[in-house]
Colleague: 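First, the structure itself, so that you have it in front of you.
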Amino acid sequence: MAGTAAAPAAGPEPMPSYAQLVRRGWGSALEAARGCGDCGWGLARRGLAEHAHLAPPELLLLALGALGWTALRAAATARLFRPLAKRYHLQPRDAAKMPESAWKFLFYLGAWSCSAYLLFGTDYPFFHDPPSVFYDWKPGMAVPWDISAVYLLQGSFYGHSIYATFYMDSWRKDSVVMLIHHVVTLVLIVASYAFRYHNIGILVLFLHDLNDVQLEFTKLNVYFKVRGGTYYRLHALAANLGCISFCVCWFWFRLYWFPLKVLYATCHCSLRYVPDIPFYFFFNALLLGLTLMNLYWFLYIVAFAAKMLTGQMPELRDVRDYDSATETPKTRPSKDE
């Protein structure tokens, strides 16, 4: 059984720099590799048997939740989103894409609000003290009901999202990477719950979901800014502001806070508080893969910003779409704006 160390009395550890993350994280990983004399499939099987706690009813609930999200999305698309697009006379290409963005916006807004509440509206210290996710960790420890609820909602949604990427979403240039992202995220959610790394999981979800809220908010305003041949400046302004906040928060949340809070805690601090922490390399490899995907999508953001600044893209649009080169039809300004 992995031994654990108590929380330090000195208070939260200061957030490291990138250099400290690389130096300390690499050093801790090398030390863990040198100390793992019996690493291999045998150790992995023992680790699963001793430390993974996931009951069949929990997996069944996850699967039922994924089916429920799929059915709910189909109903919402048919009865709410498509009639809404028709009522507001969206352009055909925008009306086709609007239901996907509306669905994702509503889910991620609710999901991020739940994570934000857990981190800032309760006594959980994980955001301000990321190493605290490993204080007093024990295999099979009880998962608080509020964190369990968030995990069920998120895990079932990503199960639905794998299906939706194939059969419900628009196919884009990054859809293959998106599929990999959904699979990695689902594995992280299920495995972190089974190994009771749920505390760090809440922090990971919080740092990623806000960007999806901003992205879908921006896309919705892009779709609604031209309705019935009329150009609405209010939606254009909201889209521009959403785009700016999305670009800034992507770097701040996913490329600054995520590595310096999450990766530092999992790569370095985890071994201090749980010296024999199970599946150390497995979970850190998945989190590093998530970081690489965040960098990959950041290249799209940089390319988008470059085109906007150089005037190559006069209208705000998603550069990942295969039809992104379609010319925007001429419209007249709205008289009431």
Side-chain angles (χ1 to χ4, degrees), residues 68-113 157-158 160-175 177-179 181-182 208-247 249-250 297 300-301 304 308 313-334 336-337:
W69 285 122
T70 304
L72 182 60
R73 174 173 175 176
T77 297
R79 297 179 178 273
L80 177 62
F81 301 140
R82 284 177 182 163
L84 194 65
K86 184 177 181 181
R87 177 181 178 182
Y88 283 95
H89 307 290
L90 299 189
Q91 299 180 87
R93 61 175 183 176
D94 294 335
K97 297 175 183 177
M98 189 276 282
E100 177 186 342
S101 289
W103 167 255
K104 292 180 179 178
F105 172 76
L106 291 175
F107 172 80
Y108 284 117
L109 179 62
W112 184 78
S113 298
F157 184 81
Y158 277 100
H160 148 76
S161 296
I162 294 172
Y163 170 85
T165 302
F166 276 114
Y167 300 108
M168 303 178 81
D169 295 349
S170 300
W171 191 259
R172 300 182 175 89
K173 298 173 185 176
D174 67 335
S175 289
V177 179
M178 186 67 73
L179 272 171
H181 169 270
H182 292 339
H208 282 77
D209 286 348
L210 177 61
N211 295 130
D212 293 299
V213 176
Q214 295 166 316
L215 175 63
E216 303 307 336
F217 172 82
T218 301
K219 290 166 67 174
L220 284 172
N221 278 282
V222 169
Y223 301 151
F224 275 86
K225 72 179 180 181
V226 178
R227 307 197 304 269
T230 302
Y231 185 90
Y232 290 85
R233 295 190 182 94
L234 182 60
H235 286 291
L237 176 62
N240 290 333
L241 293 176
C243 178
I244 293 171
S245 67
F246 169 77
C247 295
C249 288
W250 185 281
W297 278 308
Y300 273 103
I301 295 174
F304 163 81
M308 289 293 292
M313 186 188 296
E315 289 290 334
L316 191 64
R317 62 175 182 266
D318 193 340
V319 297
R320 303 170 303 157
D321 288 339
Y322 280 109
D323 62 344
S324 61
T326 304
E327 184 179 351
T328 303
K330 296 181 180 180
T331 56
R332 63 182 185 277
S334 170
D336 60 342
E337 293 186 41

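Fair warning: this is a prediction, and the values are worked out from it, not measured in the lab.
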Colleague: Please answer whether the main-chain N or O of Cys243 pairs with a side-chain N or O of Gln214 as donor and acceptor at a distance below 3.5 Å.
Modeller: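 Not at all, since once roles are kept as given, no pair shorter than 3.5 Å links the two residues.
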Colleague: Could you grab the distance from atom OH of Tyr163 to atom CG of Leu179, nearest 0.5 Å is fine?
Modeller: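 Interatomic distance, Tyr163 OH to Leu179 CG, rounded to 0.5 Å: 13.5 Å.
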Colleague: Using the rule given for salt bridge (charged side-chain N to carboxylate O under 4.0 Å, His left out), can you reason through Lys104 versus Asp209, listing the C-alpha separation, both sets of side-chain angles and the distance that settles it, and then say yes or no?
Modeller: CA-CA 10 Å; Lys104 292 180 179 178; Asp209 286 348; over 6 Å; no
Colleague: Check Lys97 with Glu216, please: is the shortest side-chain N to carboxylate O separation under 4.0 Å?
Modeller: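 No.
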Colleague: For a side-chain contact (heavy atoms from CB on, under 4.5 Å) check, start with the C-alpha distance between Trp112 and His208, then their side-chain angles and the critical distance, and finish with the verdict.
Modeller: CA-CA 8 Å; Trp112 184 78; His208 282 77; over 6 Å; no
Colleague: Does the side chain of His160 come within less than 4.5 Å of Met168's, by heavy atoms?
Modeller: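 The answer is yes, as the side chains (C-beta and beyond) meet within the 4.5 Å cut-off.
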Colleague: Taking ring-ring contact (aromatic ring centres under 6.0 Å, His included) as the test, write out the residues that go with Trp69, two or more places apart.
Modeller: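 By the ring-ring contact (aromatic ring centres under 6.0 Å, His included) rule, Trp69 matches Trp103, Phe107, Phe157.
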Colleague: Heavy atoms, side chains only, cut-off 4.5 Å: are His235 and Val226 in contact?
Modeller: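 In short, these two side chains do not touch, never coming nearer than 4.5 Å.
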Colleague: Measuring centre to centre across the rings, with the benzene-like ring taken for any Trp, is His181 within less than 6.0 Å of Trp297?
Modeller: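 Judged by ring-centre distance (under 6.0 Å), His181 and Trp297 do meet the cut-off.
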Colleague: Could you pull out the closest heavy-atom pair between Thr77 and Pro99, with the gap in Å?
Modeller: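 Looks like CG2-CB, 3.8 Å.
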Colleague: Of all residues at least two apart in sequence or in a different chain, which pass the side chain to side chain contact (heavy atoms under 4.5 Å, CB included) check with Leu241?
Modeller: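 If we apply the side chain to side chain contact (heavy atoms under 4.5 Å, CB included) test to Leu241, skipping adjacent residues, the hits are Leu237.
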Colleague: Test side-chain contact (heavy atoms from CB on, under 4.5 Å) on Tyr300 and Lys173; report intermediate values, then the result.
Modeller: CA-CA 10 Å; Tyr300 273 103; Lys173 298 173 185 176; 3.6 Å; yes
Colleague: Under the side chain to side chain contact (heavy atoms under 4.5 Å, CB included) test, which residues partner Ala238, sequence neighbours left out?
Modeller: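 In terms of side chain to side chain contact (heavy atoms under 4.5 Å, CB included), with neighbours along the sequence ignored, Ala238 is linked to Phe217, Asn221.
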Colleague: Heavy atoms only: give me the nearest Arg73-Ala164 pair and the separation to one decimal.
Modeller: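 So the two residues come closest at NH1-CB, 3.5 Å.
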Colleague: Quick check: closest heavy atoms across Ile301 and Cys247, and the distance to 0.1 Å?
Modeller: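 Reported closest heavy-atom pair: CG2-SG, 3.6 Å.
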Colleague: Phe105 and Val213: which non-hydrogen atoms are nearest, and at how many Å?
Modeller: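 The pair with the smallest heavy-atom distance is CD1-O, 3.6 Å.
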Colleague: Which value, rounded to the nearest 0.5 Å, describes the distance between Phe246 atom CZ and Leu215 atom CG?
Modeller: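 Going from CZ on Phe246 over to CG on Leu215, the span is 5.0 Å.
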Colleague: Using atom types as modelled and distance alone, determine if a side-chain donor or acceptor of Ser245 lies under 3.5 Å from a backbone N or O of Gly242.
Modeller: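 Confirmed, Ser245 side chain pairs with Gly242 backbone.
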Colleague: Ignoring hydrogens and angles, write down the donor-acceptor pairs under 3.5 Å from the side chains of residues 78-88, residues two or more places apart or on other chains.
Modeller:
none

Colleague: Could I get the full list of ring-ring contact (aromatic ring centres under 6.0 Å, His included) partners for Tyr158, not counting sequence neighbours?
Modeller: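 By the ring-ring contact (aromatic ring centres under 6.0 Å, His included) rule, Tyr158 matches His182.
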Colleague: In Å and rounded to the nearest 0.5 Å, what is the OG to CZ distance from Ser161 to Phe166?
Modeller: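 Going from the OG atom of Ser161 to the CZ atom of Phe166 covers 12.5 Å.
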Colleague: Identify the heavy atoms of Cys249 and Leu210 that sit nearest to each other, and give their distance.
Modeller: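 So the minimum-distance heavy-atom pair works out to SG-CD2, 4.4 Å.
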Colleague: So, for Ala239 and Val222, which heavy atoms are closest and what is the spacing to 0.1 Å?
Modeller: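 Result for this residue pair: CB-CG2, 3.9 Å.
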Colleague: With sequence neighbours excluded, what pairs up with Asp94 under the salt bridge (Lys or Arg N to Asp or Glu O under 4.0 Å) test?
Modeller: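 Residues passing salt bridge (Lys or Arg N to Asp or Glu O under 4.0 Å) with Asp94: none at all.
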